Each structure stands twice: as structure tokens, then as C-alpha cells.
2 protein chains.
Amino acid sequence: MQEQTDPPGEPSPGLVSTAIQAITQHIRSEGLAPGDPLPSEAAMTRQLNVSRTVVREAFRSLSAMRLIDLSAGRRATVAKLDTGAMSMVIEHGITTQQISVQQVYDVRRTIEMRTVALAALRRTDQEAAAIVQSARLMRENFKNPETVMEHDIAFHEAIAAASHNPVFSLIVTAFSGVTRRTWVIGWRTRSSDEDQLKMIKGHEDIADAILKGDPRLAAEHMAGHFDKSVKALIDAGIA
Amino acid sequence: MQEQTDPPGEPSPGLVSTAIQAITQHIRSEGLAPGDPLPSEAAMTRQLNVSRTVVREAFRSLSAMRLIDLSAGRRATVAKLDTGAMSMVIEHGITTQQISVQQVYDVRRTIEMRTVALAALRRTDQEAAAIVQSARLMRENFKNPETVMEHDIAFHEAIAAASHNPVFSLIVTAFSGVTRRTWVIGWRTRSSDEDQLKMIKGHEDIADAILKGDPRLAAEHMAGHFDKSVKALIDAGIA
DNA sequence: TCCTCAAAACCTGTATGACAGGTTGATATT
DNA sequence: AATATCAACCTGTCATACAGGTTTTGAGGA
């Protein structure tokens with residue numbers, strides 16, 4: 001096969017990259033929305049005049065970035081916005097020591113000062129309830145660090161969701177993986193029950209401010225929360 | 001082959017995902033740094049007891065996210081932090097209308113208010129020079145929109161770099177693709193030379209503040225810059 | 001006519017083998 | 001000892017095969 005339809009223009013960055021571009025281009029030009037089906041591998045194979053191997057690797061790559069969803073027997077579909085790829089990139093940066101946990105926290109602080117303010121202004125009653133609920137569950141389970149952590153993460157993600165800007169949600173959620181790996185360290189530096197409950201109180205203050213719709217107060221509490229968290233990490237020797 | 005070494009624990013999310021995890025796990029457990037080589041496909045094939053097909057698709061996926069670098073004949077290597085995957089995610093969100101340009105600008109504003117302040121505090125002389133240089137090139141080429149845009153983008157990326165937090169750089173750079181697609185729209189709403197030069201002046205003000213090491217002033221100018229940019233986009237009907 | 005259900009057609013997941021061409025290191029020649 | 005050449009290894013791509021899923025279709029029965 002290979003009847004070379006390629007115009008001898010580019011220095012060919014590999015057939016797979018070309019296929020990836022062709023697929024994303026297809027999504028764009030057809031104006032596909034999440035859930036819409038893509039051409040089958042066989043169709044792509046014919047259209048691009050390459051082997052199924054190449055097309056498959058392209059589909060698989062897009063699936064790894066969560067731009068499309070694959071499932072056996074079914075055609076690939078356009079995916080909803082997902083944080084998968086971003087999380088991987090951040091985690092990669094951390095494990096290869098190209099970025100530090102503290103740097104991530106600085107970015108989180110910057111972003112969440114904003115999400116919390118937006119949440120105070122834009123939250124629906126349901127979103128406010130979810131945020132308050134997460135804070136309450138932190139207190140109720142405060143003897144079980146694992147559970148507290150999960151509600152802590154859910155708390156921050158709920159605030160991001162209430163900002164009504166999915167890009168914020170995307171970024172905040174991408175950082176959750178890092179949080180899962182470092183959270184317990186910060187928790188341990190709060191050795192007494194009193195310290196731990198104080199930290200939970202911080203979350204409740206944030207939730208209250210959002211409930212009251214006071215963006216300035218919410219941002220203030222959030223800043224305090226991050227300052228204490230970062231201090232805890234530094235005390236624990238996380239640079 | 002397939003001597004099923006798999007313990008019947010998980011519901012098997014597919015061999016490729018497993019392979020991807022094995023590779024990232026390898027990077028983590030071996031403490032690999034950017035540039036370090038990974039096992040060959042053949043080695044991975046033996047270790048995981050799967051076909052080369054599966055291993056290849058895993059490598060290819062990681063390469064698509066720019067976590068590893070592939071090149072013919074050579075073994076795969078751990079990649080430096082790269083914005084490739086994030087850009088793809090953002091672009092996907094835009095083209096599938098899951099996020100709006102304005103939402104991206106709101107995030108950019110939030111982040112760049114911080115990067116510009118950090119840049120004012122932390123920039124090296126060389127970094128300051130690069131920032132000033134970009135602003136100057138905007139003015140010198142102001143008759144050529146394409147060129148102005150590229151220097152504009154370089155300007156913001158240089159500021160992010162001067163923040164000395166690679167996570168900020170990552171995010172700002174990921175947004176550059178969106179900027180490339182919308183920049184000219186904002187430019188056109190500034191119909192007169194005077195308006196266009198005023199916008200360039202805004203960049204010079206930011207550069208000056210960074211040069212002077214005044215974070216508050218720098219942030220103020222950055223806020224003004226974004227407010228005008230967003231207004232221009234809204235005037236042009238970009239919701 | 002309409003419903004049910006089973007077979008056919010289509011699709012993806014994985015395995016295998018083959019070969020071209022790039023890269024690297026060892027060997028042999030000078 | 002420097003260099004040239006070749007062998008071994010590696011990735012890129014292709015072709016084929018088959019095992020399961022999924023959707024479509026159409027035949028037969030209500």
C-alpha cells in the first residue's frame with residue numbers, strides 16, 4: 001500500500017503525529033461535541049493511507065490525554081473536559097524533581113484565592129451546600145486522616161466548581177494528585193487534636209464566607225489557610 | 001504467550017493502561033531525571049508479558065503527553081517539563097465549546113497578576129532584559145500584527161519564566177495557543193494607530209515596573225492590560 | 001403491523017511476524 | 001592509536017489473524 005499522497009512539503013514528523021493532527025482537525029472542522037462519535041479506525045486508515053497500527057497509536061494517544069474516549073466494540077467518542085493529562089504532567093514534574101511541592105502550593109494559593117472569591121459571588125445554593133457539607137464531613141471524621149483528606153480535596157474542588165469557570169476546576173483538580181501525596185505530612189505537623197480541629201475550623205470559616213456571599217472574607221480565610229498549610233510543609237522539610 | 005501473571009485482583013482497565021502505569025512507576029521508582037533512558041520496548045514486553053503492540057501504544061501515549069521523548073533507533077528518554085499536553089487539553093475544551101475564550105482570559109488574568117508580581121521581585125537582569133526587549137519589538141514591528149502577536153506572547157511567557165515557578169510557566173504557555181487564535185480579533189477592535197500604540201504602551205509600563213522591581217505597580221498595569229483586552233474581546237462579540 | 005430475538009456485520013483489543021532504517025558499540029584494518 | 005566497517009540492537013511501519021464487544025438487520029412469530 002502507501003500510494004504516497006503526501007505532498008513532499010514537511011520533513012515528516014512521523015505518521016502518528018500526522019494522524020493525531022488529522023483526528024483533532026476532524027473534531028474541529030466537523031464541530032463535534034462531547035459524546036459525538038469519531039470515524040472508525042478502518043475509515044481513518046483509508047483516509048490517511050496508513051496502516052491501522054499508526055491510526056491506533058494516534059487514537060490511543062488522544063485517549064491518554066483524555067481528549068477522546070475509547071471502548072471495545074464501540075467507536076471512539078469526543079470526551080468531556082477531563083483533568084487526566086494535566087495531572088500526569090504535574091505528577092511527572094514532581095517525580096522528576098522539575099517542580100517542587102511548594103511551587104505547586106504557590107500556584108494553588110494564587111488560583112484558589114480567586115476561585116473562592118468567585119464562588120462567594122456565583123455559587124448556587126446547591127453548590128454552597130456541597131461546600132459546607134465537605135467541611136462538616138471533615139470535622140465528623142477528624143479521627144480518620146484518610147477520610148479528612150478526601151473531604152478536604154472535595155472541598156477545594158467544590159469551590160472551584162462553584163466558580164463556574166471550568167478552567168479553574170481543571171487546574172485545581174489536576175493538583176489533587178499532588179495533594180494526596182503530601183497532605184498527610186501537613187496533617188502530622190498538627191500534632192494535637194486542637195491544632196487539627198483549628199485547621200478544620202479554617203475550612204468552615206471559608207465555607208461560611210461563601211455561604212454569606214462575602215468574597216473578600218472568603219479570600220482572606222483562604223489565604224490564611226494556605227499560609228498555614230505551606231508553613232506546615234516547610235516545617236516538615238518539604239522544599 | 002500470555003502466561004497470565006496477573007493476579008485476578010482488578011477488573012483490568014486494559015493492558016495498555018497497565019503498561020503506562022508500569023512505565024511511570026519505573027520512572028518514579030528508579031528516580032529517573034530528564035534525559036535518562038527507559039527500558040527498550042523488548043525489555044518492557046518481557047517484563048510485562050504482553051505483546052509489543054501494547055507496550056508501543058503505552059510509550060506512544062506517554063510521548064503524546066510529552067512525558068517521554070521518542071526517536072527512531074534510540075531508546076525512549078524521560079522528557080523535560082513540557083506544555084504540550086496541557087495545550088491540547090485547553091484547545092480541546094475551546095474547540096468543543098466546553099470552555100470559552102473569556103474564561104481562559106479570566107484564568108490568565110488571575111495567574112499573570114501573580115507572575116508579574118513575582119517577576120518584579122525575582123527577575124534576573126537577563127530576564128528583565130528579555131521582557132523589555134519583547135515590549136520593544138512589539139513597538140518596532142507594530143505595522144505587522146503577526147509579529148506583534150508573537151512578541152506579545154513571548155512577553156507574557158518571559159514574565160512567567162521570570163517568576164521562577166515552572167508551574168506558572170507551564171500554565172501560561174499552555175494558553176498561548178488560545179491567544180494565537182484570538183489575538184488578532186482584539187487587535188482589530190483597536191482600529192486606530194493610536195489605540196494600538198496605547199496597547200503597546202501598556203506592555204512597556206509592565207516591563208518598566210518589573211525593571212524597577214515594583215510588584216504592586218506591575219500588577220496594577222497587568223490588571224489594566226487584561227481589563228482592556230477582555231473588553232476588546234467582548235466588544236468583538238467573543239463570549 | 002409490530003415486536004422479539006438471533007445472526008450478521010462491524011468495531012476495537014491484543015498477538016505475531018516481518019522488514020526498513022536509525023544508532024551504537026565492537027572489531028578489524030591501517 | 002586512529003579510523004573504517006560491520007554486527008547487534010532499537011524504533012517505525014505494515015500486514016494479518018483472531019477474540020470478544022456492539023450495533024444493525026431481518027426473519028419469524030404474535
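Side-chain atoms are counted along with the backbone in the values below, which use heavy atoms only and exclude waters and symmetry mates. Residue numbers start from 1 in every chain, and the chains themselves are labelled A, B, ... in the order their sequence lines are given, proteins ahead of strands. Every value quoted in this text rests on a predicted model; they were computed, and no experiment measured them.
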Fill in: Under-4.0 Å side-chain N/O to phosphate OP1/OP2 contact, A:R56 with C:dG13
yes

Practice prompt. Quickly work out the A:R75 CZ to C:dG13 C1' distance and round it to whole Å.
Written response: 17 Å

Worksheet item: With under 30° as parallel and over 60° as perpendicular, where do the rings of A:H225 and A:H156 fit, or are they tilted in between?
Response: parallel

Fill in: First of A:V16 and A:S71 reached from the 5' end of DNA chain D, by closest nucleotide
A:V16

Item to complete: From the options D:dT11, D:dC14, C:dT12, select the nucleotide whose nearest atom is closest to the side chain of A:L15.
Response: D:dC14

Fill in: Short side-chain donor-acceptor distance under 3.5 Å, A:R66 and A:T83
no

Worksheet item: Any side-chain donor-acceptor pair under 3.5 Å between B:T124 and B:Q126?
Response: no

Item to complete: Take the protein atom CD1 of B:I68 and the nucleotide atom P of D:dT11, then report the distance between them rounded to whole Å.
Response: 10 Å

Worksheet item: Can a side chain N or O of A:R60 be found less than 4.0 Å away from OP1 or OP2 on C:dT14?
Response: yes

Practice prompt. Determine whether the side chains of A:R56 and B:T53 contain a donor N or O and an acceptor N or O closer than 3.5 Å.
Written response: no

Worksheet item: Expressed in angstrom and rounded to an integer, what is the separation of B:M44 atom CE from C:dT14 atom C1'?
Response: 18 Å

Worksheet entry | Nucleotide D:dT22, atom P - distance to CG of A:L70 in whole Å | 14 Å

Worksheet item: Rounded to whole angstroms, how far apart are CG on B:L48 and C1' on C:dA15?
Response: 15 Å

Worksheet item: C:dG13 P sits how many Å from B:E57 CD, rounded?
Response: 8 Å

Worksheet item: Less than 3.5 Å between a donor and an acceptor, one on the side chain of B:T53 and one on the base of C:dA15, is that the case here?
Response: yes

Item to complete: Mind calculating the distance between CG (B:L62) and P (D:dT11) to the nearest angstrom?
Response: 14 Å

Worksheet entry | Shortest side-chain distance from B:V50, nucleotide among D:dC10, C:dA15, C:dG13 | C:dA15

Worksheet item: Of all the choices, D:dG12, D:dC14, C:dC11, which nucleotide is nearest to the side chain of B:A72 once you look at every atom?
Response: D:dG12

Discussion item. Using OP1 and OP2 only, check whether a side-chain N or O of B:R74 sits under 4.0 Å from C:dT24.
Written reply: yes

Worksheet item: Could one point to a donor on the side chain of A:R52 or the base of C:dG13 with an acceptor on the other under 3.5 Å away?
Response: yes

Item to complete: Would you kindly give the CD1-to-P distance between B:I20 and C:dT14, to the nearest whole Å?
Response: 11 Å

Item to complete: Taking atom types as modelled, find out whether A:H164 and A:E127 have a side-chain donor-acceptor pair closer than 3.5 angstrom.
Response: yes

